[in-house]
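Letters A, B, ... are given to chains in the order of the sequence lines, protein chains preceding strands, and every chain is numbered from 1.
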Amino acid sequence: MAHPELARAVNEWFAAHARALPWRDPEATPWAILVSEFMLQQTQVDRVLPRWAAWIERWPAPSALAAEEPGEAVRAWDRLGYPRRALWLHRAAVEISERHDDAVPADVEQLLALTGIGPYTARAVAVFAFGDRHPVVDTNTRRVIARAVHGRAAAGMPAAGDLVEMEALLPEDRGGAAVFNAGMMELGAVVCTARAPRCGDCPIADWCEWRGAGYPDNAPAQRPKQAKFAGSDRQVRGRIMALLRRSEVAVPVADALAAAADGGVRDPRQPRRAYDSLVADGLVVELEGTARLP
DNA sequence: TAAACGTGGTT
DNA sequence: TAACCAAGTTT
């Protein structure tokens, strides 16, 4: 391990300062942890908390969710965004109940085989739900490593090497490794933030290369800028989904297209394009001139 | 491999 | 206020 002092400092800080998030409760089941990881993909903790609690209350096991229509998952997803995740989580629940006897698998390869689970989520579940020793790398971890280890203001594009780097920093023991994974994420989320890092509260400030170098403005070539949301197909899709979530019955397709245009569009073909893409994604089902959740 | 994918909080 | 950013995955 490259920096034993660094790992010890992160773990001590985490033990003292970690937020008491419900999915970190020792009583949290692997399924509850898996659900939290799905919801937290690209979505902030504060917005997830109430949806997660309601979800676990209603569907305490994968089989409970699998027994419902996928549309119920989309409805319960509410406005968390990226509603395909709700569909994928439902599909994963079906797969777990059918292939794994309703028990979330602990093996990374088996987790990766589930719908909607990629390199981050598979390892997060294996580590946080089962205590196994793997590197867990998310956007927070990548930023902390970029700054503290490489002296860069920001992380570059995600790369396979990120896992190797984190592995090299991981404590040998499973427990210490799990805490370190969580601690690095927490550090990036609440202290080593993207915009205004709170270095005065940072447990590894003394080892931070970026701080040591005087905070150079040396961020690597950045990811392409996020497209403007206003006027986007994403926004138009969102309008259709909002209508269908609140409708207990199927709505005329014409109404869905009208809702898509409500508020203005940049391109007159947008409502149709957005609607068709939702059907293609399986988020909308059309039957006899009406549209509804799947 | 790059583009597509929601929604809301923060600066 | 507009731009940035967020516990990523899929095709």
Side-chain angles (χ1 to χ4, degrees), chain A residues 14 18-19 21-24 28 32-52 74 77-89 91-92 111-129 135-144 153-155 157-160 162-163 166 178 181-190 192-198 219 221-245 260 263 270 273-274 276-278 280-283:
Chain A
F14 186 76
R19 292 168 292 176
L21 303 177
W23 43 86
R24 287 177 176 164
I33 291 169
L34 185 154
V35 171
S36 80
E37 295 298 347
F38 262 86
M39 291 183 169
L40 287 163
Q41 291 168 6
Q42 301 283 281
T43 305
Q44 301 89 332
V45 167
D46 288 349
R47 297 174 55 206
V48 165
L49 285 167
R51 297 290 151 257
W52 178 84
V74 175
W77 197 257
D78 197 31
R79 288 178 300 181
L80 281 179
Y82 293 141
R84 294 186 298 183
R85 290 183 294 165
L87 224 43
W88 293 338
L89 179 50
R91 203 167 301 157
L111 286 161
L112 281 171
L114 298 172
T115 301
I117 292 191
Y120 164 77
T121 303
R123 290 174 179 80
V125 170
V127 171
F128 302 140
V136 181
V137 176
D138 77 331
T139 187
N140 294 302
T141 304
R142 296 194 317 108
R143 183 172 53 251
V144 173
M157 298 290 291
D162 297 345
L163 281 178
M166 185 61 176
N181 277 309
M184 290 285 275
M185 292 172 60
E186 184 81 348
L187 197 54
V190 306
C192 192
T193 50
R195 281 227 241 157
R198 300 163 50 199
Q222 272 305 5
R223 53 192 171 190
K225 269 174 281 193
Q226 199 171 51
K228 184 173 294 192
F229 181 65
S232 67
D233 281 13
R234 287 186 192 183
Q235 182 181 42
V236 175
R237 282 166 56 106
R239 291 172 184 156
I240 296 173
M241 293 308 296
L243 170 65
L244 295 186
R245 279 198 308 267
Q270 260 183 313
R273 188 166 68 225
D276 288 345
S277 73
L278 288 170
D281 286 348
L283 282 164

Remember a base hit wins even if backbone is also touched, and classify A:Arg79 as base, sugar-phosphate or nothing at under 4.0 Å, heavy atoms. sugar-phosphate
Under 3.5 Å, is there a donor-acceptor pair between the A:Arg85 and A:Thr43 side chains? yes
Send over the distance from A:Arg24 CZ to C:dA7 P, rounded to a whole Å. 11 Å
A:Thr193 side chain to A:Val190 main-chain N or O, any donor-acceptor pair under 3.5 Å? no
C:dG8 phosphate, OP1 or OP2: any side-chain N/O from A:Gln42 under 4.0 angstrom? yes
Remember a base hit wins even if backbone is also touched, and classify A:Arg143 as base, sugar-phosphate or nothing at under 4.0 Å, heavy atoms. sugar-phosphate
From CG of A:Asp46 across to P of C:dA6 the rounded distance in Å is 15 Å
Roughly, in whole Å, what's the span from CD in A:Gln41 to C1' in C:dT9? 6 Å
Between B:dG8 and C:dT1 - C1' atom distance, rounded Å: 16 Å
Given side chains that start at C-beta, do those of A:Trp23 and A:Leu49 come closer than 4.5 Å, heavy atoms only? yes
Rounding to a whole Å, what distance do you find between A:Gln270:CD and B:dG6:P? 13 Å
Picking from C:dA7, C:dA3, B:dT7, the nucleotide nearest the side-chain atoms of A:Arg47 would be B:dT7
Most 5' of A:Gln44 and A:Arg84 on DNA chain B, judged by nearest nucleotide: A:Arg84
Mind checking A:Gly81 for me? I need base, sugar-phosphate or nothing, with any heavy atom below 4.0 Å counting as a touch. base
Given atom CG of A:Leu40 and atom P of C:dT9, what is their separation to the nearest angstrom? 12 Å
Of the listed nucleotides C:dC4, C:dT9, C:dA7, the one nearest the side chain of A:Lys225: C:dC4
Heavy-atom nearest nucleotide on DNA chain C taken for A:Trp88 and for A:Lys228; more 5' hit belongs to A:Lys228
Could you tell me the separation between the CZ atom of A:Arg195 and the P atom of C:dA6, rounded to a whole number of Å? 9 Å
Determine the contact category for A:Ala194: base if any of its heavy atoms lies under 4.0 Å from a base atom, sugar-phosphate if only primed atoms, P, OP1 or OP2 are that close, otherwise nothing. sugar-phosphate
A:Ile117 near the nucleic acid: base, sugar-phosphate alone, or nothing, with a heavy-atom cut-off under 4.0 Å? sugar-phosphate
Round to a whole Å and report the spacing from CZ of A:Phe38 to C1' of C:dG8. 11 Å
What I want to check is whether an N or O donor and acceptor connect the side chain of A:Thr43 with the base of B:dG8 at under 3.5 Å. no
In the structure I gave you, are the side-chain heavy atoms of A:Leu34 and A:Phe128 within less than 4.5 Å of one another anywhere? no
Give a yes/no answer on whether the side chain of A:Arg237 brings an N or O atom under 4.0 Å of OP1 or OP2 in B:dG6. yes
What's the CH2-C1' distance between A:Trp77 and B:dG6, to the nearest Å? 11 Å
Using a distance-only test with no angle check, is there a side-chain donor-acceptor pair under 3.5 angstrom linking A:Tyr120 and A:Glu37? yes
Return no unless some side-chain N or O of A:Thr121 is found under 4.0 Å from OP1 or OP2 of C:dT9. yes
Looking across every strand, which nucleic acid part, if any, lies under 4.0 Å from A:Leu21 by heavy atom: base, sugar-phosphate, or nothing? base
Need one value for A:Trp23: base, sugar-phosphate or nothing, where a base atom within 4.0 Å counts as base even if backbone is also close, heavy atoms only. base
Students often get this wrong, so: under 4.0 angstrom with heavy atoms, is A:Pro158 touching a base, only sugar-phosphate, or nothing? nothing
Answer with yes or no whether A:Gln226 presents, from its side chain, a donor or acceptor under 3.5 Å of a partner atom in the base of C:dA6. yes
Look only at the side chain of A:Asn181 and the backbone of A:Val136, and say whether a donor-acceptor pair between them is shorter than 3.5 Å. yes
Can you tell me how far C1' in B:dA2 sits from the matching atom in C:dA7, rounded to whole Å? 23 Å
Holding to salt bridge (Lys or Arg N to Asp or Glu O under 4.0 Å), I want the full list of residues that pass it with A:Arg123, two or more places apart in sequence or in another chain. none
If you pin A:Val45 and A:Gly116 to their nearest nucleotides in DNA chain C, which one's is more 5'? A:Val45
